[in-house]
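All remarks here apply to the structure that follows.
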Number of protein chains: 2
Amino acid sequence: MKRNADNPKMKDVLREQIFGRALLPLQKLPSERELSELFSTTRISVKDALSALETEGLIYREDRRGWFVSPPRVHYNPLSRCHFNQMINEQNRIAETKLINVSTIMAPSDYAKVLELKELTEIHVIERLRYIDGRVVLFVENCLISHFFPAIIAENLTQSLTQLYQDKYQFTTSRSRFDVIPAAAPAHVAKALNISAGQQVLKICRVNYNQQGQIIDCEFEYWRPDAVMISIDSIEHN
Amino acid sequence: MKRNADNPKMKDVLREQIFGRALLPLQKLPSERELSELFSTTRISVKDALSALETEGLIYREDRRGWFVSPPRVHYNPLSRCHFNQMINEQNRIAETKLINVSTIMAPSDYAKVLELKELTEIHVIERLRYIDGRVVLFVENCLISHFFPAIIAENLTQSLTQLYQDKYQFTTSRSRFDVIPAAAPAHVAKALNISAGQQVLKICRVNYNQQGQIIDCEFEYWRPDAVMISIDSIEHN
DNA sequence: TGAACTCACTGAACTAGTCCAGAGGATGGG
DNA sequence: CCCATCCTCTGGACTAGTTCAGTGAGTTCA
């Protein structure tokens, strides 16, 4: 590895600066062009090095804005139907939620399949964006089977849905099922998360059951892959 | 997106061929050079397109051998301390395990921390490779606290360790704790998995407890990200 | 027969540029 | 004071090549 001599150095230097906190979370790195001059190499090599650090979860990019240092990952347990904001607060981080879109539609076949519905059943689709410490990290799509949730549209959908399920409909989740899949961001998700289409995300598909064992809703989560760590302890589910 | 006109086409064509089963799992794609001629573009663009499909989990690369179509993902539940081979067989796939290395060392500080040990405690480190349908998909490193497992080194370590724990030491796992982290492959893992260093993998760190609630071992798994899907159902843990 | 060697082919890593499109700050007119 | 417009900076996407190093099949030779 002779010709490599420069570039690993660049990766190593940046890595060191990040671990040594010379570069702080959320801080912007110099532009690709500047880096290529600093390390006297081409932009393509710089890009490769930055992508590698991105894969390690040390830095992230925002489309046409630049590269930034990733804050530490949050721990997330998809089994505990917990309140997002509370969970994040417990980790001494600041959470926000923005409602993007709410629509009521006939379940398309892929959703119908997940929810085990006959087609032509009405569902509410709620799209929300979640922020941690001011950074977009999560795009969530909730699909609620309409007849379980009359008049939910009128509610404040920025709060915890779990809370709403309990307070307004007396639903407690008796069972959750979920899949975690390393995937590529679909276009609309990429746009919302401020990443480029096709970039890697961690996709979580969850199906929730009420106390009668009926499926009441499902959820598709798309996480920035450097922002999260799935963390599960079997002792909690007894 | 004018100039993009060719390349998405290339991605789309390949995607279509894969979904349409014109290209079958494990089948080799044409070389990057051939593809760049076929689609009259440069190798860098071809590489970008292939990387994008790789992120989607549709294809994978083997270092200096070529690009191949990914077989379907297997479902994996890290909570059920199940036998790897059995789990894979239940999904109508063929599993193999190869022992790479066994060593007995003083726990280095990072391992000691995970295992909640004082330093200078002896551990066995067992490194194994797992194959599905003949393809390497998983690198596993098991760290056993030595004094719990006298003479385990002499056993056949290609079989299920869970089984061995039960049969030889009467350990049943009372509790498991694990983290799932999208990460970059460390060099030795990359080499074993036949991927290039720094490529993306799904890392799973698990800690196991015996029926007395003592930590007996931990495990570091590195999965090829296109090969697996974490799949958990809360109803199974009651 | 089998081990060592050769060599074409593969992706990996690189150089040196161009052009495009979105983000966002500065500017200036109403 | 507000809003539109411009202009600069960013990463994204590309062209057109070169060199390097591991893979693996085929060949040679003891």
Side-chain angles (χ1 to χ4, degrees), chain A residues 1-12 27-55 59-69 135-136 184-185 187-188 190-200 224, chain B residues 1-12 27-55 59-69 134-136 184-185 187-188 190-200:
Chain A
M1 284 230 184
K2 225 181 303 168
R3 337 186 59 224
N4 236 346
D6 284 350
N7 224 342
K9 203 155 70 188
M10 165 175 172
K11 270 199 284 187
D12 294 343
Q27 194 177 330
K28 190 172 177 305
L29 299 186
S31 75
E32 292 182 1
R33 277 164 249 253
E34 280 178 75
L35 284 172
S36 70
E37 282 195 13
L38 274 171
F39 292 91
S40 51
T41 179
T42 57
R43 256 188 79 203
I44 289 191
S45 305
V46 169
K47 225 176 146 108
D48 282 351
L50 292 172
S51 298
L53 291 171
E54 182 187 38
T55 303
I59 61 175
Y60 65 97
R61 62 181 105 182
E62 290 200 10
D63 201 37
R64 272 162 252 263
R65 294 218 317 120
W67 292 86
F68 303 84
V69 178
R135 171 187 172 214
V136 217
H188 69 293
K191 198 165 181 190
L193 286 180
N194 220 329
I195 61 184
S196 47
Q199 220 181 291
Q200 212 244 328
R224 284 190 97 127
Chain B
M1 286 229 186
K2 226 182 301 166
R3 340 186 58 221
N4 234 347
D6 284 349
N7 224 344
K9 203 155 70 188
M10 166 176 172
K11 270 199 286 186
D12 294 344
Q27 194 177 329
K28 189 174 177 306
L29 300 186
S31 75
E32 292 182 1
R33 278 163 247 254
E34 279 177 75
L35 285 171
S36 69
E37 281 195 15
L38 275 169
F39 291 92
S40 50
T41 178
T42 58
R43 267 190 69 206
I44 289 191
S45 305
V46 169
K47 222 177 149 107
D48 282 350
L50 292 172
S51 298
L53 290 171
E54 182 186 39
T55 303
I59 61 176
Y60 66 97
R61 62 180 107 179
E62 291 200 9
D63 199 37
R64 272 163 251 264
R65 294 217 317 119
W67 292 87
F68 303 83
V69 178
R135 170 188 173 216
V136 217
H188 70 292
K191 196 164 182 190
L193 286 180
N194 221 329
I195 61 185
S196 47
Q199 221 181 290
Q200 212 244 328

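In the text below, chain A, chain B and the rest are named by the order of the sequence lines, each starting its count at 1. Heavy atoms only: backbone and side chains are in, while hydrogens, waters and symmetry mates are out. Nothing here was measured: the structure is a model prediction, and the numbers come from that model.
Here the nucleotide nearest the side chain of S196(B), chosen from dA16(C), dA12(C), dC14(C), is dA12(C).
The separation between N194(A) atom CG and dG22(C) atom P is 13 Å, rounded to whole Å. With rounding to whole Å, I44(A) atom CD1 is found 15 Å from dT18(D) atom P. Separating the CG atom of D48(A) from the P atom of dC14(C) is a distance of 7 Å, rounded to the nearest angstrom. Following rounding to the nearest Å, E37(B) (CD) and dT15(D) (P) show an atom-to-atom distance of 14 Å.
For R135(A) and F68(A), the positive end is not near the middle of the six-membered ring at less than 6.0 Å and at most 45° from its axis.
For the side-chain contact (heavy atoms from CB on, under 4.5 Å) with M10(B), the lone residue among L35(B), L38(B), L53(B) that qualifies is L35(B).
Formation of a donor-acceptor pair under 3.5 Å by the R43(B) side chain with backbone atoms of E32(B) is not found in this model.
At least one side-chain heavy atom of S51(B) sits under 4.5 Å from a side-chain heavy atom of R61(B).
To the nearest 0.5 Å, atoms OG1 (T42(A)) and CZ (R33(A)) are separated by 12.5 Å. A distance of 8.5 Å separates CZ of R64(A) from OG of S196(A), quoted to the nearest 0.5 Å.
Distances shown here put every side-chain N or O of T42(B) at or beyond 4.0 Å from the OP1 or OP2 atom of dG17(D). Within the 4.0 Å cut-off from OP1 or OP2 of dC14(C), not a single side-chain nitrogen or oxygen of T41(A) is found.
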Using a cut-off of under 3.5 Å, enumerate the N/O to N/O pairs linking the protein to nucleotides 9-11 of chain C.
unit_1, atom_1, unit_2, atom_2, d
dG11(C), OP1, E32(B), N, 3.2
dG11(C), OP2, E32(B), N, 3.0
dG11(C), N7, R33(B), NH2, 2.3
dG11(C), O6, R33(B), NH2, 2.8
dG11(C), N2, R64(B), NH1, 2.5

